[in-house]
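Fair warning: this is a prediction, and the values are worked out from it, not measured in the lab.
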Amino acid sequence: MTAKRRILVTSALPYANGPLHLGHMVETIQTDIWVRFQKLRGHECMYVCADDTHGTPIMLRAQSEGITPEQLIARVALEHKADLDAFNIGFDNYHSTHSEENRELTYRAYEALERGGHIERRMVRQAYDEKAEMFLPDRFVKGTCPRCNAANQYGDSCENCGATYSTNELIDPVSVVSGSTPVERESEHLFFKLANFETMLREWTHSGTLQQAVTNKLEEWFSTGLKDWDISRDAPYFGFEIPDAPGKYFYVWLDAPIGYMASFLNLCREHGWGFEAWWKPGSPTELYHFIGKDILYFHSLFWPAVLHGAGFRTPNAVFVHGFLTINGEKMSKSRGTFITASSWREHLPTEPLRYFFASRLGSGLDDLDLGLHDFVTKVNSDIVGKLVNIASRCSGFLARNFDNRLAIKLPEPDLYEEFLHKLPSIAESYEQRDYAGALREIMALADRANLYIDQQKPWLLAKNPERANEVHGVCTQAINLFRILIMLLKPVLPELAGKAEVFLGGHELAWEDVQRPLLGSKVNHYEALATRIDPAAISALIAANQQPQIASTQPATVNTSATTNAIGMSEATIDDFAKLDLRIAKIINAEHVEGTDKLLKLTVDIGPELGTRTIFAGIRAAYEPHQLIDRLTLVFANLTPRKMRFGLSEGMVLAAGSDATDGDKKIFILSPDSGAIAGMKVK
RNA sequence: GGUGAAGUAGCUCAGACGGUUAGAGCGAAGGAUUCAUAACCCUUAGGUCGGCGGUUCGACUCCGCCCUUCACCA
C-alpha cells in the first residue's frame with residue numbers, strides 16, 4: 001500500500017439555468033468513478049462541486065419566469081441535486097456559487113490581484129439596449145454576418161462561415177432581450193492582465209500531468225499571445241458587486257471556479273477542517289479538475305493564473321474529456337436524443353449508464369458515443385450475462401446443499417492468485433482514467449471465472465452425493481472470484497456492489513480486503529443483483545425527449561431508413577408489413593411445459609400450405625391449456641424459429657397485453673371473426 | 001480560414017518504440033451444454049489497418065501530400 005494521498009477533486013459546475021443532460025453525466029460519472037477508486041484504495045479524497053448561478057442568462061431567465069434569480073437557482077439546485085443523487089454521484093459537498101463562502105473568497109482573490117497590480121481599468125464600447133436598460137453580452141445581439149451575409153448570427157461569431165468579429169460590425173443588429181436596435185455606449189471595465197502570468201503558466205503547463213492534446217492546445221494559445229480578460233459587467237447583473245467599483249459586477253467566469261474553493265470551504269467549516277492547508281502554495285495535497293474540452297481555456301489559463309496571483313496553490317492537473325454524442329450524432333432535440341438526466345432515470349436504471357460510459361471512457365479528449373442499441377447489448381451482456389451470472393449460477397448450489405456456507409479452503413488457490421496479479425494494472429488504468437481499459441481487463445476475468453465453472457461442471461458433480469465436497473469447492477472458488485470482481489467494479493457500480501456485499505455477508509469491501517479469500521462464512525440469500533434492460537424502455541426514452549418537429553413545407557420524402565412516429569415507434573412501410581406472414585391458426589393442442597411457469601407449448605394448425613407448428617408462448621399466467629384448445633388465433637408464421645431449452649419454437653402467437661410489472665400480467669390472445677379458417681393470410 | 005484530434009473486422013474500440021499468421025468486446029454463423037435472469041461455454045468471422053507517394057532489407061506502425069470526420073478559435 002502506497003502512502004495515503006490527500007486529494008481534492010472537482011467536476012465542472014453545472015449552470016443553473018436548466019436541467020442536467022447526459023453530457024453533464026459523462027463528466028460527473030467520470031469524476032465520481034475516479035474519486036470512488038481513490039477512496040477504495042484508502043486515500044483521503046474529497047469531491048466537491050456546486051451550481052454555477054450567476055450571469056445574464058440566469059437573470060433574464062428568472063425575469064421571464066417572473067421570479068427572482070434566487071428563487072430560480074434554488075429550484076434548479078434541487079433539480080440538479082436529485083439528478084446527481086439518482087446517478088450515485090458521491091459528492092462530499094455540493095454547494096452554490098451564490099454563497100457567502102464564494103463571496104468571501106472572490107473578494108479575497110480580487111483584492112490580492114489588485115494589490116499585485118494585475119487589474120487594470122479602461123473604457124470599452126459595448127452594445128447597449130436602451131429599452132431593457134442594460135448592456136448586452138455578445139450572445140444577446142443577433143444580426144447579419146458582415147462577412148457572408150448569413151442572417152440571424154450572434155454578435156461575436158458567425159456559425160455559417162466561422163468568422164469572428166465585434167458586435168458593432170454586425171449588420172442590422174437586434175437585441176435578443178427587447179427586440180430593439182442596440183446602441184453603443186462606453187463603460188469602464190476591469191481587466192485581468194493574463195499576460196503577467198505567461199512565465200508562470202508555461203511552467204505550470206510543463207510541470208504536471210497534462211494530457212498531450214491539452215499541452216498542444218496551450219502552446220497554440222501561448223503562440224498567439226495572452227490577452228487581457230474582462231472580468232467586470234455592468235448592472236443589472238446577477239452576481240457579486242465589485243467592492244471598489246459600485247454598479248459593476250464580477251463576470252460569472254471569475255467567481256465560478258472560485259466556487260470550487262467555496263464549496264470546499266463550506267465543507268471545511270461544517271467539519272472544522274483546515275481550509276488553508278489545502279490551498280496554500282506548495283501544499284502537498286493534490287488538486288484536480290475534471291472538465292469538458294469546451295472550457296479548457298478558462299481552466300488552463302485564467303484559473304491557474306488567478307489562483308497564483310491571489311496567493312493560492314495551482315491545480316496538479318486538469319483532466320479534459322470530450323463530448324457526448326448519441327447514436328453517432330450531436331444530441332438533438334428534434335431527434336429525441338437531447339436526453340435529460342431526469343428523463344433517463346424515469347425510464348431506465350442509472351447504473352448501467354455509468355457502466356456504459358466507463359466502458360467507453362479513456363484518458364483522452366475523444367468524443368464518446370452513446371449508441372443506444374450498443375448500450376442495451378453491452379450492459380445486458382456484461383453485467384447480467386457475465387458478472388452477475390457468476391454469483392447467480394453458484395448461489396443455488398450453496399443454498400440447496402450447503403446451507404449457504406462457503407467451504408473452508410479454495411480448491412484452486414492459483415486461479416485466485418491469477419486474479420490478484422491483475423490488480424496492479426487495473427489500478428493503474430483507473431488511476432490514468434482509462435476506465436475502458438480497466439473494464440476490458442475486469443471483464444476478461446469475469447469470462448475466466450465463468451469458464452472455470454463451466455469446466456468444473458458443478459451441476460454434474462452435484463448428481464453424485466459423494467462429490468459434494470467438489471461442488472462446494474467450485475462454488476466457493478467462484479464466489480471468491482466474483483468477490484474480487486465486485487471489489488474492482490465498486491467505483492463504477494456502487495449500487496450493485498452494495499447489494500453484492502450484502503450477499504457476500506455484509507462487509508464493505510476495500511481494495512486490500514480481497515488479498516484474503518472469504519472462507520467458511522455464510523453468504524446471504526441470493527437475490528437478483530441486476531436485471532436486463534428492455535429495449536422498449538429506450539424507445540420510450542427517445543419518445544419522451546422528442547420535441548415536436550416544426551411542420552415542414554416539403555412533402556414527406558420516401559425514405560428507406562427507419563423513421564419515428566410521435567410515440568417513438570419506428571414507422572413501417574406497407575412493404576415492411578408485407579414481409580410478415582400472418583396466418584389464422586387453430587390451436588390443436590396446448591400443454592404446460594416442465595420447468596417454466598411462463599410458457600405454454602402450443603401445437604397450431606396453420607392450414608394445408610404450412611401444416612402444423614410448435615410454438616412456445618409466454619401466456620401461461622393468463623390461460624389454462626384447456627381454454628385454448630380448438631380456438632382460432634393469429635400467428636406470425638415466418639418468424640425466425642428460435643431454439644429454446646424446451647425445443648424449437650416455430651412462430652409467435654399474437655396477443656395484446658399491458659406492460660404491468662406487478663406480476664399481474666393481463667394478456668389477451670387475438671381471435672378472428674367467425675368464418676375465418678386456419679391458414680388464411682392476414683393482409 | 002487557422003489550430004488540434006481522429007480515420008484499424010458489420011458496430012464500439014485496443015494495439016503497433018518498424019520485423020513471423022493485426023487483437024478484444026458486441027452483433028452474426030455453427031456447435032456443445034442445461035447450474036444460472038430464454039442466461040453460460042466453445043469455435044468461426046478472412047479486415048489491401050482512409051488514399052497516394054517517400055524512407056527502409058522490411059511500414060499498419062516513421063516522413064510528406066491528399067481525402068473524410070469531429071472539435072476548438074478566448
Using heavy atoms and a sub-4.0 Å distance, could you list which residues of residues 387-399 of chain A are near RNA chain B? By number, please.
-> A:Val388, A:Asn389, A:Ser392, A:Arg393, A:Phe397
What is the distance, rounded to the nearest whole Å, between atom CG of A:Leu445 and atom C1' of B:G25?
-> 14 Å
Give the rounded distance in Å between these two atoms: CG of A:Leu481 and P of B:A36.
-> 20 Å
Taking the [atom1] atom in each of [N] and [M], what is the distance between them to the nearest angstrom?
N	M	atom1	value
B:A45	B:A9	C1'	8 Å
B:C70	B:C65	P	22 Å
B:C17	B:C60	C1'	15 Å
B:G51	B:A59	C1'	16 Å
B:U8	B:U69	P	14 Å
B:U33	B:C40	C1'	9 Å

Could you please name the option among [options] that lies closest to any side-chain atom of [X]?
X	options	value
A:Ala528	B:A71, B:U37, B:C41	B:U37
A:Trp459	B:A71, B:U37, B:U34	B:U34
A:Ser381	B:C26, B:U37, B:C41	B:C26
A:Lys386	B:U37, B:C35, B:G25	B:G25
A:Ile453	B:U12, B:C35, B:U34	B:C35
A:Leu451	B:C11, B:C35, B:C42	B:C42

Tell me, do A:Ile383 and A:Leu493 make a side-chain contact under 4.5 Å, heavy atoms counted?
-> yes
State, with a plain yes or no, whether a side-chain heavy atom of A:Pro257 is found less than 4.5 Å away from one of A:Val306.
-> no
Taking for each residue the nucleotide of RNA chain B bearing the nearest heavy atom, is the 5' side occupied by A:Lys463 or by A:Asp374?
-> A:Asp374
Name the residue closer to the 5' end of RNA chain B, choosing between A:Asp382 and A:Arg400 according to the nucleotide with the nearest heavy atom.
-> A:Asp382
Dot-bracket pairing map - RNA chain B, Watson-Crick plus G-U, both contacts under 3.5 Å, | cross-strand | (((((((..((((.....[...)))).((((.........)))).....(((((..]....)))))))))))).
Can the ring centres of A:His321 and A:Phe357 be said to be less than 6.0 Å apart?
-> no
Test item: A:Tyr430 side-chain N/O and A:Ile33 main-chain N/O as donor-acceptor pair under 3.5 Å | no
Can you say whether the rings of [X] and [Y] are parallel (under 30°), tilted (30 to 60°) or perpendicular (over 60°)?
X	Y	value
A:Phe197	A:His118	tilted
A:Phe402	A:His472	parallel
A:Trp229	A:Phe192	perpendicular

With a 3.5 Å cut-off and no angle check, do the side chains of A:His308 and A:Trp204 form a donor-acceptor pair?
-> no
Base, sugar-phosphate alone, or nothing: which one does [X] contact when heavy atoms must sit under 4.0 Å apart?
X	result
A:Gly385	sugar-phosphate
A:Lys227	base
A:Ala530	base
A:Phe323	sugar-phosphate
A:Lys457	nothing
A:Asp369	nothing
A:Leu439	nothing

Within residues 522-531 of chain A or reaching into it, pairs that qualify as side chain to side chain donor-acceptor pair (under 3.5 Å) - sequence neighbours excluded = A:Asp403-A:Lys522
Any cation-pi pair here, A:Arg122 with A:Phe191, using under 6.0 Å and within 45°?
-> yes
